[in-house]
A.B. asks: 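Take a look at the following structure, please.
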Amino acid sequence: MNIPLSSYPRIVIIGGGFGGVSLAKKLSKQEVQVVLLDKNNYHTFQPLLYQVSTGGLEPDSIAYPLRKVLIGYDNFYFRLAEVSEIEPAHKKIKTNIGELTYDYLVVATGSETNFFGNGEIERHAMSMKSIPQSLNLRSLILENFEQALLTDDYHERDALMNFVIVGGGPTGVELAGALAEIKKGILPKDYPDLDTRRAQINIVQGGDCLLPGFSNQASKKAEDFLEELGVQVWKGVRVTGYDGKTVTTKTDLVFQSAAVVWAAGVKGAMVKGMDVADVLAGGNRIKVNEFNQVVGYPEIFAIGDIACMVTEDHPRGHPMVAQPAIQQGKLLGENLVKLLEHQPMTPFIYNDKGSMATIGRNKAVCDIKGYRFQGVFAWFVWMFVHLFFLIGFRNRMVVFINWVYNYIRFDREARLIIRPYKRDYSQFKD
């Protein structure tokens, strides 16, 4: 990898997500050599991926070059690489560009979509965990409407305009709200020769409420907001299959749809070498202690979504969202310095800053530090928080300008089919 030898301890970070970037920044002025590895050369602000999928933002608005994060830092190196295996016995990792030894290793690989072993759904449904996946979904949505213009078949047209979102968490709720606003404000203008009133947005939740983990008040208000926008909410319905045409459930409910988005769960993005029985926890995560050290491997740490730190308040580990990753990354930066100086490390205590989700224009729900509020004020708070956590001044300005423009014009300028996502529509003629 052409990483120079150094008298400083080498800390290798796998993953440039929220946790990896927070850790790298914290180590910026320390006497250590830091090597950051990621399969992409950019950091993705995942909470806004749904806006890329629905044409509200272009991908460069929520992506930031990882090399730019490290500009001006001494003894920092970035390599575009995909890690294939960790060899703890030799303190070495294997990647597609070569091998690298480490003194300390930090696994911050994040999470990936969890299809719960259903291969049929995995083959045919759309995911939204990365920028390429979001661009594929954007293309599919727009191509379905283009295809709907070309058919005289009543059932085929309805299937092409029927969107099914599986999962009622923040991702599913926010995507459903954005699609509903597109149906209401944009489709009639873009497709005047198509009866877009027949377009349907369905959100299917296996549990008995939307936004599990939020307050009952927020959950109920989010459902009310979605129904106001014309979204059909199906609770207590578990999806069992999707063959590219028909969505089947455990009930008698069946959907004919050309666009199914799977937002029903995530699991840790595991790396070979850490997937051993005494380390593996539920949800494909890595067991760590209160210092984020991997159980049985004192030189290896895990942070963020991939880490499972069991506490009294979090018996299944911390929630797989940005805040635990950011907080763990910052504290681990301090603890690694203490470890090198032979000082006692500080145990991690999660500071839950609350939860929020937006359902559309002037519609959001927030549960923050015991305060619960919904509506316009919650929507402005949601926007401010997301702007604050975006990396880079340019990104903040671009996103803010886009949001202001979209709000005033009720428009989404980024509804472009940049990279076609072709599907076989012939099955819908049956």
Side-chain angles (χ1 to χ4, degrees), residues 44-59 61-62 125-131 133-145 161-191 196 199-205 210-211 221-233 257 259-264 356-366 374-376 378-380 382-383 385-387 399-400 402-417 421:
T44 302
F45 191 77
Q46 290 188 341
L48 293 180
L49 279 172
Y50 82 96
Q51 294 214 2
V52 174
S53 299
T54 54
L57 295 172
E58 282 292 1
S61 304
I62 65 167
M126 304 296 291
S127 301
M128 199 177 60
K129 285 292 291 179
S130 67
I131 286 178
Q133 289 177 345
S134 294
L135 288 174
N136 286 342
L137 179 55
R138 184 175 77 179
S139 295
L140 178 65
I141 291 169
L142 297 172
E143 287 170 358
N144 280 1
F145 284 106
M161 297 194 296
N162 186 15
F163 298 92
V164 178
I165 301 164
V166 185
T171 300
V173 165
E174 292 179 340
L175 179 60
L179 287 172
E181 291 198 325
I182 289 176
K183 173 186 173 181
K184 179 182 177 181
I186 294 175
L187 294 183
K189 294 182 290 186
D190 278 10
Y191 301 94
T196 56
Q200 295 184 49
I201 298 101
N202 300 277
I203 184 166
V204 184
Q205 169 68 339
L210 299 180
L211 298 178
K221 197 63 179 179
E223 184 177 344
D224 292 342
F225 282 147
L226 286 173
E227 289 178 343
E228 286 176 20
L229 290 169
V231 177
Q232 299 184 75
V233 180
S257 173
V260 173
V261 182
W262 188 263
M356 57 182 64
T358 181
I359 298 91
R361 182 186 179 96
N362 295 335
K363 296 178 177 68
V365 295
C366 292
Q374 304 86 34
V376 178
W379 186 66
F380 279 107
W382 178 91
M383 285 198 301
V385 169
H386 282 69
L387 285 172
V399 170
F400 178 72
N402 270 276
W403 281 350
V404 170
Y405 177 86
N406 293 345
Y407 186 85
I408 294 173
R409 297 292 303 274
F410 216 117
D411 200 0
R412 289 172 178 258
E413 288 290 326
R415 51 188 189 275
L416 311 172
I417 305 174
Y421 185 81

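Heavy atoms only: backbone and side chains are in, while hydrogens, waters and symmetry mates are out.
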A.B. asks: Where the side chain of Thr358 meets the backbone of Lys363, is there a donor-acceptor pair that is under 3.5 Å apart?
C.D. replies: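 Looks like yes, one N/O pair under 3.5 Å.
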A.B. asks: List the atom of Gly56, the atom of Asn406, and the distance in Å for their closest heavy-atom pair.
C.D. replies: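 Gly56 and Asn406 have their closest heavy atoms at O-ND2, 3.5 Å.
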A.B. asks: Looking at CD of Glu58 and CG of Asn402, how far apart are the two atoms once the value is rounded to the nearest 0.5 Å?
C.D. replies: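 Interatomic distance, Glu58 CD to Asn402 CG, rounded to 0.5 Å: 8.5 Å.
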A.B. asks: Does the side chain of Thr54 come within less than 4.5 Å of Ile182's, by heavy atoms?
C.D. replies: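 Side-chain contact under 4.5 Å: yes.
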A.B. asks: Specify the closest pair of heavy atoms between Ser139 and Ile417, including all atoms of both residues, with the distance to one decimal.
C.D. replies: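 In terms of heavy atoms, the two residues are closest at OG-CG2, 4.0 Å.
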A.B. asks: Restricting to non-hydrogen atoms, name the atom on Gly172 and the atom on Ile165 that form the minimum distance, rounded to 0.1 Å.
C.D. replies: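 Residues Gly172 and Ile165, closest heavy atoms: CA-CG2, 3.7 Å.
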A.B. asks: So, do Leu140 and Asn144 sit near enough that their side-chain heavy atoms are less than 4.5 Å apart?
C.D. replies: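 In contact.
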A.B. asks: Below 4.0 angstrom, N of the basic side chain to O of the carboxylate: do Glu143 and Arg138 qualify?
C.D. replies: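 Salt bridge: no.
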A.B. asks: Phe45 vs His386 aromatic rings, parallel, tilted or perpendicular, using cut-offs 30° and 60°?
C.D. replies: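 Ring orientation, 0 to 90° scale: perpendicular.
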A.B. asks: Any donor and acceptor pair, going by atom type alone, linking the side chain of Trp262 with main-chain N or O of Val166 inside 3.5 Å?
C.D. replies: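 No, Trp262 side chain to Val166 backbone: no donor-acceptor pair under 3.5 Å.
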A.B. asks: Under the ring-ring contact (aromatic ring centres under 6.0 Å, His included) rule, collect the residues that match up with Tyr191, sequence neighbours excluded.
C.D. replies: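 Applying ring-ring contact (aromatic ring centres under 6.0 Å, His included) to Tyr191 gives Phe145.
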A.B. asks: Please evaluate residues Arg361 and Glu181 with respect to the criterion side chain to side chain contact (heavy atoms under 4.5 Å, CB included), reporting the C-alpha separation (whole Å), side-chain torsions for both, the decisive distance (0.1 Å), and the verdict.
C.D. replies: CA-CA 8 Å; Arg361 182 186 179 96; Glu181 291 198 325; 2.9 Å; yes
A.B. asks: With a 3.5 Å distance limit and no angle check, can you tell me whether Gln205 reaches the backbone of Val233 through a side-chain donor-acceptor pair?
C.D. replies: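 Checking the backbone N and O of Val233 against the side chain of Gln205, no donor-acceptor pair under 3.5 Å is found.
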A.B. asks: By salt bridge (Lys or Arg N to Asp or Glu O under 4.0 Å), which residues pair with Arg415, not counting sequence neighbours?
C.D. replies: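 Testing Arg415 for salt bridge (Lys or Arg N to Asp or Glu O under 4.0 Å), a comparison that skips the adjacent residues, returns Asp190, Asp411.
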A.B. asks: Answer yes or no: is there a side-chain heavy-atom contact under 4.5 Å between Gln51 and Trp403?
C.D. replies: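 SC-SC contact between Gln51 and Trp403 confirmed.
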A.B. asks: Check Leu226 against Ala176 and note the closest heavy-atom contact, atom names and distance.
C.D. replies: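 Shortest heavy-atom contact: CD2-CB, 4.0 Å.
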A.B. asks: To the nearest 0.5 Å, how far apart are OG1 in Thr196 and NZ in Lys184?
C.D. replies: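 Result: 13.0 Å between the selected atoms.
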A.B. asks: Looking at Leu211 and Ala222, what are the two nearest heavy atoms and their distance?
C.D. replies: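 What the structure gives for the nearest pair is CD1-CB, 3.6 Å.
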A.B. asks: Enter the distance from Gln133:CD to Tyr421:OH here, rounded to the nearest 0.5 Å.
C.D. replies: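 Answer rounded to 0.5 Å: 9.0 Å.
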A.B. asks: Please walk me through it: do Val204 and Val164 pass side chain to side chain contact (heavy atoms under 4.5 Å, CB included)?
C.D. replies: CA-CA 7 Å; Val204 184; Val164 178; 4.0 Å; yes
A.B. asks: Supply the atom-to-atom distance Ile131 CD1 to Thr44 OG1, rounded to the nearest 0.5 angstrom.
C.D. replies: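 These two atoms lie 4.0 Å from each other.
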A.B. asks: Side chains of Ile359 and Glu174, heavy atoms from C-beta outward: is any pair under 4.5 Å?
C.D. replies: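 No, side chains not in contact.
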A.B. asks: Could you walk me through whether Leu142 and Leu416 satisfy the side chain to side chain contact (heavy atoms under 4.5 Å, CB included) test, starting with their C-alpha distance in whole Å, then the side-chain angles of each, then the deciding distance to 0.1 Å, before giving a yes or no?
C.D. replies: CA-CA 8 Å; Leu142 297 172; Leu416 311 172; 5.7 Å; no
A.B. asks: Hey, what do you get for CZ (Phe163) to CD (Gln232), rounding to the nearest 0.5 Å?
C.D. replies: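 If we round to the nearest 0.5 Å, Phe163:CZ and Gln232:CD are 13.5 Å apart.
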A.B. asks: For residues Ile62 and Leu48, report the shortest heavy-atom separation together with the two atoms involved.
C.D. replies: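 That would be CG2-CB, 3.8 Å.
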A.B. asks: Taking side-chain hydrogen bond (donor to acceptor under 3.5 Å, both in side chains) as the definition, give me every residue that meets it alongside Asn136, ordered by chain and number, with sequence neighbours left out.
C.D. replies: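 Applying side-chain hydrogen bond (donor to acceptor under 3.5 Å, both in side chains) to Asn136 gives Arg419.
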A.B. asks: Any side-chain heavy-atom pair from Ile201 and Asn162 closer than 4.5 angstrom?
C.D. replies: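 Ile201 does not reach Asn162 side chain to side chain.
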A.B. asks: Drop me the distance from Leu49's CG to Met128's CE, to the nearest 0.5 angstrom.
C.D. replies: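 Here the rounded value is 6.5 Å.
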